[in-house]
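These notes concern the structure reproduced below.
Bear in mind that the values here come from a model prediction, so they are computed numbers and not experimental data.
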Amino acid sequence: MLKADQPIKYIVESVDQYVIYLQRLTRLNKGFDFVVNVENMYFKLGDARRHRNPSHTDIVAILVAYKQHYFKEYDKIKKTDK
């Protein structure tokens with residue numbers, strides 16, 4: 001049985017070994033009560049700590065790198081954004 005203060009994990013999508021999920025019951029941040037996380041992927045590797053939740057900068061960097069290396073496939077991502 002879940003406790004009132006226990007985090008809840010909502011799986012959004014799974015791709016290969018990566019799982020994108022929302023975690024609820026977190027500190028309120030800019031009006032949101034959830035955090036987006038990616039299992040088996042770490043961000044902010046230059047910092048002393050690694051994190052599973054990407055920042056906007058991390059997401060933009062991933063999309064830019066993906067566009068440079070996989071130009072044809074990038075169009076598929078761009079179309080799903082709308």
Side-chain angles (χ1 to χ4, degrees):
M1 180 166 232
L2 290 176
K3 296 179 182 178
D5 60 347
Q6 184 176 0
I8 301 172
K9 182 173 159 179
Y10 300 95
I11 296 176
V12 177
E13 189 165 345
S14 297
V15 179
D16 297 328
Q17 75 269 24
Y18 304 108
V19 178
I20 301 168
Y21 65 94
L22 303 179
Q23 182 174 328
R24 294 225 32 229
L25 295 179
T26 186
R27 294 182 326 213
L28 206 57
N29 184 6
K30 298 178 185 164
F32 293 96
D33 65 347
F34 64 89
V35 176
V36 177
N37 291 296
V38 183
E39 279 186 4
N40 300 318
M41 183 179 282
Y42 292 99
F43 302 94
K44 299 170 187 66
L45 296 175
D47 286 353
R49 296 180 359 192
R50 305 183 306 173
H51 304 279
R52 286 199 168 127
N53 58 320
S55 67
H56 287 99
T57 304
D58 294 328
I59 293 169
V60 169
I62 290 168
L63 290 173
V64 167
Y66 193 88
K67 183 176 182 179
Q68 290 173 348
H69 295 292
Y70 307 101
F71 185 74
K72 291 180 182 178
E73 289 84 1
Y74 184 79
D75 275 343
K76 295 176 190 175
I77 295 173
K78 195 166 77 172
K79 289 177 185 174
T80 60
D81 183 35
K82 297 182 181 191

hydrophobic_cluster_shared for V35 and I59, side chain cutoff 4.5 Å: no
ILVMFWY clustering at 4.5 Å (side-chain atoms), partners of F71: none
Linked, directly or transitively: F32 and V12 (ILVMFWY side chains, under 4.5 Å): yes
Nearest atoms (heavy-atom pairs only) where I62 meets F43: CD1-CE2, 3.5 Å
By ring-ring contact (aromatic ring centres under 6.0 Å, His included) - contacts of Y18 (at least two apart): none
same_hphob_cluster(Y10, V38) at 4.5 Å side-chain heavy-atom cutoff: yes
Contact check, side chains of Y42 and R52, non-hydrogen atoms, under 4.5 Å: yes
Non-hydrogen atoms of V36 and P54 that approach each other most closely: O-CD, 3.6 Å
Path from Y74 to V60 over hydrophobic side-chain contacts below 4.5 Å: no
More than 12 heavy atoms of other groups within 6.0 Å of K9 NZ: yes
Distance, nearest 0.5 Å, that separates CG of L22 from CG of N37: 8.5 Å
